[in-house]
Amino acid sequence: MSDVERLRSALSAVLDELGIAGVDIQLERPRNPEHGDWSTNVAMVSAGRLRKPPREVAAEILDRLDLGGAGVREAEVAGPGFINFRLTSAQLQALLKRILEEDEAYGRREPESPERVVVEFVSANPTGPLHVAHGRGAALGDGIARLLEWTGQVVHREFYVNDAGVQIDRLAASVDARWRQLQGENAPIPESGYHGDYVGGLAREADEELADRLVDASDPDRLDLFREWAVERLKADQDRDLRDFGVAFDEWYPESRVYEEGLIQETLADLTGRDLVYEADGATWLRTTTFGDDKDRVLVKQDGTYTYLVPDIAYHREKARRGYDLAINVWGADHHGYVPRMQAALAALGLEDFLVVEIVQMVRILRGGQEAKLSKRAGDFITLRELFEETGTDVARYFFLMRRGDTQMLFDLDLALDHSEKNPVFKVQYAHARMMSIFRKGGVEPAQRWSGELPLDRLETDDEQDLVKQLARFPEVVRRAAAGRAPHLVCDYLEETAGMANGWYHSGNPSRNPELAVLADDPDLREARLALARGVRIVLRNGLRVLGLTAPDRMEREEQG
RNA sequence: GCGCCCGUAGCUCAGCUGGAUAGAGCGUCGGACUUCUAAUCCGAGGGUCGCAGGUUCGAAUCCUGCCGGGCGCGCCA
């Protein structure tokens, strides 16, 4: 049982005695250390029900509380009626022991009934290289997936491949135009086509790989060849870019499968059966307004073709049929207006609350204080690969994750390329490497699991006790980040933890304060501090893993010149 | 015009299921420093939380209205 849980159950018992069971017990860690390790507002919340002033209620609660049993050293009524608690040092030692015992599992949880969650992200059209905005979606989607895994959910990472739409026709036409140019024809790329330099490269490669099949092909056959070849080729490129970025999908679900497996007809029949479809103006409409959309939506256009909504509904209906409890989609900001109609359509199928959409806002890249936009390769955007090859994958991922996904972000390339501790990624990784360095220096095997008794009562300084409390917060940070699908909370926590650990380490610089050094002469003190260093190491490593970053044993010095 | 997101220190951003004196990093300023290999460390200054109302014992946080910025509002995808 953790420190909070002990305290919570003790408080709960008292509330029972007072006849106000069921009051929501909020325990929080006060910002101000003078307010103790834990603080609760239960007295203020229940003052109304007891018809007594909050401070009086607080005093009464304290009177009945079994402090020792709750792992509390002292408690006090403060301010308008807060009750502040300070933990016993035995309780602090127990917290650290738990970290050392759980080691690689510290911060993980295993719920009784795990949910099956499909996280769909990136889902870029296979019409060109991935750019930085896709990178943010990739980092965030994978970060959310990892958080859910750490909280015990069963996660499936899925990429929806739009291989059947108009965009693909345009891609094929663009490659075809480039190919005909190679044959000496005057064949301009269609206005609505793809004009990036990479299309020329595709045409040349297709010419080599498909050579003989192209020569005799009719115009429509050649377009089909290009369509099929280019989609496979670009999909493979995207997959390679993502893997090199540390993101691996469990499944690439092609839109064409929705058609091939007859899901369109099934879905339309399902909706029609629910009396939610009607004909008007020569088109077929879905009554999404019944489910909160601001207007009804067309399913089948006047010309008899489907709107993009149809395959999308069919696809998400299929996700539910595949047995997932929850679908999380990470979408670009340009699709946010699409969320209400999609959710309305799913609600129409009895799938309300099945789909959660996380919106990823735009990324601007800042280099040398100026906004960078141009890329030689892609024409009008910076590719994801260009970015992470320049900064390294750890840095790029972290920078995307350290901001909330739903706000626009400025990606400061100068800071990303800075290898000092100004760069938050390196600050955290240095702190980890620093602990590993101490282990090497101290002749300790870091992988070895802790067992037996440790003289943890020797951790007496404020820095040390604060650090233990900080490490104890980690599981709660993971839980909150997962619940809010907000990896940036983990980044904030890691930076704070690294800062505290670095401060602790530096204060023990042997040239200044040898008595504070981790590797102290006193064997017990040394052992206790090494245990704390190991706790720091565990939390930083696990935190970096949650984010999908490496936790280096040592930092490589930059090459000269 | 309507909808969504945003507006917090010079800059980039946390904090937003209401809680005690609003935080971090960078930059600035002032001191130290050559190691427990570690590309430094310590400290200081810096805010009408866009504006105005409202709810509340208590509002950066919730509600309303403005102002400013971004995005979206197709029988396009």
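Just the heavy atoms: all of them, side chains too, but no hydrogens, waters or symmetry mates, feed the values below. Proteins get letters first, then strands, A, B, ... in listed order; numbering begins at 1 in each.
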Check: With a 4.0 Å cut-off on heavy atoms, is Ser420(A) in touch with a base, just the backbone sugar-phosphate, or nothing at all?
Finding: sugar-phosphate
Next item on the list: Answer with yes or no after comparing the ring centroid distance for Phe121(A) and Phe159(A) against a 6.0 Å cut-off, counting only values under it.
Entry: no
Margin query: Test of understanding: with side-chain contact (heavy atoms from CB on, under 4.5 Å), list the residues that count as partners of Thr127(A), not counting sequence neighbours.
Written below: Asn125(A), Gln167(A), Ile168(A), Leu171(A), Tyr194(A)
Next item on the list: May I ask you to verify if any side-chain N or O of Lys422(A) is less than 4.0 angstrom from the OP1 or OP2 atom of G27(B)?
Entry: yes
Check: Quick one: does Asn502(A) reach the base of A38(B) with a side-chain donor-acceptor pair under 3.5 Å?
Finding: no
Notebook entry, point to check: Can you check the His506(A) NE2 to G43(B) P distance for me, whole Å?
Noted result: 12 Å
Notebook entry, point to check: Under a 3.5 Å cut-off on both pairing distances, which runs of 3 or more consecutive Watson-Crick or G-U pairs involve RNA chain B?
Noted result: B:1-7 with B:67-73, B:10-13 with B:23-26, B:28-32 with B:40-44, B:50-54 with B:62-66
Margin query: My understanding is that only residues two or more places apart in sequence, or in another chain, count here; which of them pass ring pair (Phe, Tyr, Trp, His ring centres under 6.0 Å) with Trp331(A)?
Written below: Tyr338(A)
Check: With sequence neighbours excluded, what pairs up with Arg8(A) under the side-chain contact (heavy atoms from CB on, under 4.5 Å) test?
Finding: Val4(A), Ile25(A), Leu27(A)
Check: What integer number of Å spans the C1' atoms of A9(B) and G23(B)?
Finding: 10 Å
Next item on the list: Report the residues that fulfil ring pair (Phe, Tyr, Trp, His ring centres under 6.0 Å) with His134(A), sequence neighbours left out, ordered by chain and then residue number.
Entry: His131(A)
Notebook entry, point to check: How would you list, by chain and number, every residue that makes a salt bridge (Lys or Arg N to Asp or Glu O under 4.0 Å) with Arg364(A), sequence neighbours excluded?
Noted result: Glu371(A)
Checklist line | Arg434(A) side-chain proximity, nearest of A39(B), C36(B), A20(B) | finding: A39(B)
Margin query: Please encode protein proximity along nucleotides 72-77 of chain B as a string of B, S and -, counting only heavy-atom distances under 4.0 Å.
Written below: S--BSB
Notebook entry, point to check: Among C41(B), A20(B), C36(B), which nucleotide sits nearest the side chain of Tyr505(A)?
Noted result: C36(B)
Check: Glu496(A) near the nucleic acid: base, sugar-phosphate alone, or nothing, with a heavy-atom cut-off under 4.0 Å?
Finding: nothing
Note to self: What I want to check is whether the side chains of Glu495(A) and Tyr398(A) have a donor and an acceptor closer together than 3.5 Å.
What the structure shows: yes
Item checked: Pairs meeting criterion ring pair (Phe, Tyr, Trp, His ring centres under 6.0 Å) with involvement of residues 484-541 of chain A, two or more places apart -> Phe474(A)-Tyr493(A)
Next item on the list: Please identify each residue that fulfils salt bridge (Lys or Arg N to Asp or Glu O under 4.0 Å) with Arg227(A), with sequence neighbours left out.
Entry: Asp169(A), Asp224(A)
Notebook entry, point to check: What residues form a ring pair (Phe, Tyr, Trp, His ring centres under 6.0 Å) with Phe400(A), not counting sequence neighbours?
Noted result: Phe411(A)
Notebook entry, point to check: Which letter, B, S or -, goes with each nucleotide of nucleotides 7-15 of chain B from 5' to 3', with contact meaning a protein heavy atom under 4.0 Å?
Noted result: -----BSSS
Checklist line | Residues forming a salt bridge (Lys or Arg N to Asp or Glu O under 4.0 Å) with Glu527(A), sequence neighbours excluded | finding: none
Next item on the list: Give one of base, sugar-phosphate or nothing for Phe426(A), where a contact means two heavy atoms less than 4.0 Å apart.
Entry: nothing
